[in-house]
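Per chain, numbering begins at 1; letters A, B, ... match sequence-line order.
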Amino acid sequence: MISLRGLVKQFPGGVRAIDDLDLEIAGGEFLALLGPSGCGKTTLLRTIAGLETPTAGRVGIGGRDVTALPPGRRDVAMVFQDYALFPHMDVAANIAYPLRVKRVGRAERRARAAATADRLGLSGLLERRPAQLSGGQQQRVALARAIACRPRAFLFDEPLSNLDARLRLTARTFLKRLQRELSVTTVFVTHDQGEALALADRVAVMSGGRLAQVGTPAEVFQRPLTTFVASFIGATPMNLLPGRAEGGALLVAGARLTPPGPARGLPDGEPVTYGVRPEYADLSFEPREDGFPGRVGVVENMGTALLVTLEPAGGGDGPLVQVVVPEEGGEPALGTPAWAVPRTSRALVYREGRLLGAPVAPAPASAEPTA
Amino acid sequence: MGTDAAGLGRGRAMAFILPALVLIGVFLVFPALWTVYLGLTDYRLTGLAAAEPRFVGLDNYAAALTDARFGSSLWLTVQFVLGSAVAGQAVLGFAVAWVARGLRTPVRRAVEGLVLLSWILPGSVVAFLWIALLDRDGGTLNALLNTPGTAWLLDHPMLSIIVFNIWRGTAFSMMLYSAALENVPPSHLETARLAGASTACQLGDVVLPRIKGHVLTNLLLISLWTFNDFTPFLLTAGGPEGRSEILPVYVYAIALNGGRLGAGAAVSFLILLINLVFALIYLRLLRARNAPPTAAAPGGRGPV
């Protein structure tokens, strides 16, 4: 397990990349650190690795305080975005490199490199140089090097982002299965929310050096605690519309909506932000009081569904709301008046950027160790 | 013409490169050939042989190669090159470049600026500074070490010019290695650190294989420059008793002081041949490095 307490990293020049952060990662857990560029996720990973020294706070790995230990004595393995394979060594030497540094005997080194390579489907490539491998093979060699020394934790710094889109999906599935089989604590940094949701047992969303939300993929997707998380998670961003409470209902963008449970009983005139995912709204071509009125502005075919963007009916700039509709109904004609009707049970209401009905302290949900 | 991308035609293309060829011919090829010719004569600075040099065949070469002074001069030059260029400038330059990586930018700039200063100052100015430093009576070094009366340039002439040349030339190696180290991806060093590699291991496993080409280029250049360097003459004039008479100084002594221009030209040609050997060894090493042991695959990284 990895335990971070009161962690602060301030760079010379005053930038606070990590701002008083606490996080517990259970043994065998797969945690994704997710956030936009510059949110501090890579700095956090590097601090766990020991490549950065924290300004304050403690780092514990496997019940041992490693804050003062150099990277080589923390017993962690890292896979970098560029894989960091040594170009002058063949695949076998690359995989066995950490073992060579640890003065493991030559015969055992070769055996372990071969066994690891076999497991990752690299057996025929042991004699090759990295330049003679495809991107996917290079990525697996980097994984093999991390696995072969049997570390306490894996630290992954966007290891899939240099692969092309299709290969990335294959590598993702492969990585998830591998992690389950090895059940080694894993921290995975990514800016791709889909990758984080697909891979991780828990997702930690970071913003400005702090944790915006920590929870299972289902929790962060269904109940994002802040509008930041809401807009960051999801293949299509959540519709977030300003509105206000009035007479037990919510007036939002021309619609009169029944508030979801936690948002009932707001005082009249209270400003709120109404959030609903495009997947959780329906499109009506008949006038509805509980639908956002607009005109069909853009229709994007996503294969199994259509992403319809409604624009304000009375002109005006910019999209109003997006709705995902099944492709069976055919593409609606551009300019058609339409009403986007949110499903109340799936709607979320935010006041001052925070979810109504959320737990008082955004405490991380208890970790659920895998395997 | 398939290769004529600019559409100039052979005649006009020749007209464009002719001025450059003429300059190279007049200032590089002709003097070199002239040196070869002079080396085969008894041409002198003054006297009868200055007016009518006679062809003497390989006499000058035979004389030089049997001259004990040439032999000792060659040996001193080897010491000078190995001591000040290979062991001194290259190692120290790398050390400064490596350490400077970890320093904060203003500190690094200050160090680099100071090291560069010793490189860009004119040789005569630098020589004067060093004479002032090493002087027997009022020298700064004697004042610092509290060793009045020690004549460094007389007692330790080779050591003096070696240290002098290290001080003077380290900047080039430092700059070249600084640029080379930029090419080492931080993730490679960090992978080695995470594996627990010591600094020596990181240098041997990650850095040196990566910058081998830079190291070879640097060693070639500084070896050639040091081999042909005349600046030590300004400190010791080859003395005392020829104990710091490196080859360029030896040529100067026989050709201009001794007036035997023919003999000087012959020794110059020998120096040229030695330089050529350096360059050939370097090219051989570089070619060995560029040819991978197995068949090269197309493309570098990147998904396929």
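- Neither the backbone nor the side chain of A:Arg74 comes within contact range of chain B; no heavy atom of the residue lies under 4.5 Å from a heavy atom of that chain.
- For chain A, the option among B:Ser187, B:Gly196, B:Ala192 with the highest count of heavy-atom pairs below 4.5 Å is B:Ser187.
- The local environment of CZ in A:Arg64 is crowded, with over 12 non-hydrogen atoms from other residues, nucleotides or ligands closer than 6.0 Å.
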- Task: Start with the C-alpha gap between B:Thr191 and A:Met78, add the side-chain angles, then the distance that decides, and say whether side-chain contact (heavy atoms from CB on, under 4.5 Å) holds.
- Result: CA-CA 7 Å; B:Thr191 299; A:Met78 192 155 166; over 6 Å; no
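- For the set A:Arg100, A:Arg73, A:Gln137, the entry with the most heavy-atom pairs within less than 4.5 Å of chain B is A:Arg100.
- Residue A:Arg110 places its CZ atom among 12 or fewer non-hydrogen atoms of other residues, nucleotides or ligands, all under 6.0 Å distant.
- Contact annotation for A:Arg145: only side-chain heavy atoms (C-beta onward) come within less than 4.5 Å of a heavy atom of chain B.
- Counting non-hydrogen atoms of neighbouring residues, nucleotides and ligands closer than 6.0 angstrom, the CZ atom of B:Phe128 reaches no more than 12 such neighbours.
- Within the 4.5 Å cutoff, no side-chain heavy atoms of A:Met89 are placed close to those of B:Pro209.
- Between B:Arg210 and A:Pro87 the shortest heavy-atom distance is NH1-CG, 3.2 Å.
- The distance from atom CG of B:Leu194 to atom CZ of A:Phe80, rounded to the nearest 0.5 Å, is 5.5 Å.
- Here the side chains of B:Cys201 and A:Val101 are not in contact, with every heavy-atom distance at 4.5 Å or above.
- Listed here is the closest heavy atom pair of B:Arg193 and A:Gly50: NH2-O, 4.0 Å.
- By the 4.5 Å heavy-atom criterion applied to side chains, A:Arg46 and B:Glu190 are counted as neighbours.
- A donor-acceptor pair is defined here as one N or O able to donate and one able to accept, closer than 3.5 Å; such a pair exists between the side chain of A:His88 and the backbone of B:Asp205.
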